[in-house]
Amino acid sequence: MRAFTMVIAVGLIVSARAADSAELVKGWKFALGDGPERAATGFDDSGWKPIEAGKPWEQAGYPDYDGYAWYRIRVRVPAAWRNSEAYRVKRALLLSLGPIDDCDQTFFNGELVGGTGRMPPEYASAYNVPRRYEIAESQVNWDGDNVIAVRVYDGGGAGGLVGGPLALRAPAASDYIELAFGLGSGDGSFPAGKPMEISVELRNSYVKAVGGRLAVRVTTDDGKPVRDFAGELKVLRGGKGKKAFSFDPPAPGIYRVSASLALGGGLEPVEKSMNLGYAITAIDDPLTRQPDFLDFWERTLKELAAVPPQYKVTKSGKDSTAEVDVFLVEMRSLGNARVRGWLSVPRKGGPFPAVLMVPGHSANQTPFVWFTDMIVFSFNIRGHGNSQDDVNPGFPGYLTYGLESPDTFIYRGAYADCVRAVDYLASRPDVDPRRIGVEGGSQGGALTFATAALDRRVALAAPDVPFLSDFEKYVDLSEWLGNEWRGFARDKRMTFPDVLRVLSYFDIKNFAPLITCPLFMGAGLQDPTCPPRINFAAYNQVTSKKDYRLYPFGDHGGGGDVHWKLKHEWMRRQFGLAQ
């Protein structure tokens, strides 16, 4: 994986926005470089250039930049912040940095106060996890300057402090009064044939007893009302209390549960919302295949087979390690488009099982060198990473490129690119052709479904939070996606049903029944980008041996590191490798 370095800092003093908080948005600076000395309070960052936090650094003048970064900021902390009642509960301030893409280590006045994800060599992304760290009273320079330093690593796509909130503040009472929901089977889902129990727990670590009127609303995941409940709930200091409501859901699906507790004593209401599932493996959204769906893809594969692959393989000495050789692989795919990827080959043994790793939307696949008993092909479909020479619509633009017809839509070529990558793996004498797998997340999850369906040489499939599924439902669940495709229809003077007809040729729900290999899927129950409903609309159509893990608090990161380990343990078992 490329390991460029970037440092970001600020020389300005950020003053308090309100009596007990300071926004940390503007005034940032940056400079290239890396090193532990950059966490120190006295490090000289006076020569660095300004940059705005809260958005990817690609949008601030550093397109296509991946690697390390440091953010630094100086902030004056008034001693008056210690006067709030809530501050006296924990004797700590709260630092909010929003989501950081991909992983971070955060320092306050030179001391490590937290970190999320993992830096290379054991890289693990946590790009969509909002950061909130406690700053102990003893770490603060009251009425003086304090330095926040954040070390960031980005492995591809967007990078940096990409969203909000960005603030340092004294805590509020609501930070210590929490609502939580019961998780049914443990993963946030409830079985078919039984009432769905909505259990709301109040957890109170505040200095006083709290309580009030609890209101609970249940809707479908697209916002249609289902049931309302209400009751009284009171909890002593340091205690817990619970209220349960039961009902029969109208159908299998994902339900949005929202709870609000109106507190007395001048405290703000406490609110909590969460998706919960009911009979999720019984979600049955019918296939939307066009009559010529199978013929269309048979014709596409024939066109692909007629394109000479022209494989070109070049060793990358700078990316190779003592145990793994890395090669840049170039080939020709559908329409004679050039596509590339990075092949990592263990130096000892063989033949090996092989894993095709396919990219998320806009991601750049880079060398993966951490498996020493499997070949890994980290592959970029057209328009991604190092495969942008011949087809490069950009982002945004990718999801509507050629959408006038299934013959011209970009995903026809993208799905074919993945089959061509399997062609390459199967051509290598050091690859065991009976042990070729494919994996990816989000768009990569959709590519995994499609590749396993189109190519019987694929022996296992491991999609995470798969994209491009169940479009009729998806456009109602995702505002950004529905708006993009409806806008395209208006611009091209197409009807929206015509757009959905084109998309149906690429809906992984329609591919799923063609899969014959074992499949293992990960899904995040709170995922707003690829909602769990669309994941299971495709998964439930798979008839081969399959399994899944649903992460109750997971969003578009799914199960994160936990699922990454489970998935690769599953792959190793399927391949017959030692654990």
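Note that these values count all heavy atoms, side chains included, but never hydrogens, waters or copies made by symmetry. In this chain, residues are counted from 1 in sequence order.
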How about Tyr123 and Asp102: does a side-chain donor come under 3.5 Å of a side-chain acceptor?
-> yes
Do the side-chain N and O atoms of Thr220 and Asp222 include a donor-acceptor pair separated by under 3.5 angstrom?
-> yes
Sub-6.0 Å ring centroid separation between Phe520 and His563 = yes
Are Trp48 and Phe43 close enough that their ring centers fall under 6.0 Å?
-> yes
With no hydrogens and no angle check, is any side-chain donor or acceptor of [X] less than 3.5 Å from a backbone partner on [Y]?
| X | Y | result |
| --- | --- | --- |
| Ser478 | Thr529 | no |
| Asp325 | Val345 | no |
| Asp154 | Asp66 | no |
| Glu439 | Val355 | no |
| Asp417 | Arg382 | yes |
| Gln139 | Ala136 | yes |
| Trp57 | Tyr65 | yes |

Measure up the Tyr415 and Tyr411 rings against each other and bin them: parallel (under 30°), tilted (30 to 60°), perpendicular (over 60°).
-> tilted
Mutual orientation of the aromatic rings belonging to His384 and His361 [parallel < 30°, tilted 30-60°, perpendicular > 60°] = perpendicular
Between [X] and [Y], does any side-chain N to carboxylate O distance fall below 4.0 Å?
| X | Y | result |
| --- | --- | --- |
| Asp476 | Arg533 | no |
| Arg38 | Asp45 | no |
| Asp390 | Arg340 | no |

Output side-chain donor-acceptor pairs under 3.5 Å for residues 115-122, partner residues at least two apart or in another chain, one line each.
{"residue": "Thr116", "atom": "OG1", "partner": "Tyr133", "partner atom": "OH", "Å": "2.8"}
{"residue": "Arg118", "atom": "NE", "partner": "Glu122", "partner atom": "O", "Å": "2.8"}
{"residue": "Arg118", "atom": "NH1", "partner": "Asp561", "partner atom": "OD2", "Å": "3.0"}

Nearest 0.5 Å, please: how far is [atom2] in [Y] from [atom1] in [X]?
| X | Y | atom1 | atom2 | answer |
| --- | --- | --- | --- | --- |
| Leu477 | Asp470 | CG | CG | 8.0 Å |
| Tyr539 | Ile515 | OH | CD1 | 11.0 Å |
| Tyr398 | Gln443 | OH | CD | 5.5 Å |
| Asp285 | Asn540 | CG | CG | 9.0 Å |
| Ile375 | Leu356 | CD1 | CG | 12.5 Å |
| Ile508 | Thr448 | CD1 | OG1 | 9.0 Å |

Leu550 side chain near Phe536 side chain, heavy-atom distance below 4.5 Å = yes
Which residue pairs satisfy the salt bridge (Lys or Arg N to Asp or Glu O under 4.0 Å) criterion with at least one member in residues 356-377, sequence neighbours excluded?
-> Asp373-Arg572
Counterpart residues, side chain to side chain donor-acceptor pair (under 3.5 Å), relative to Thr321 (two or more places apart) = none
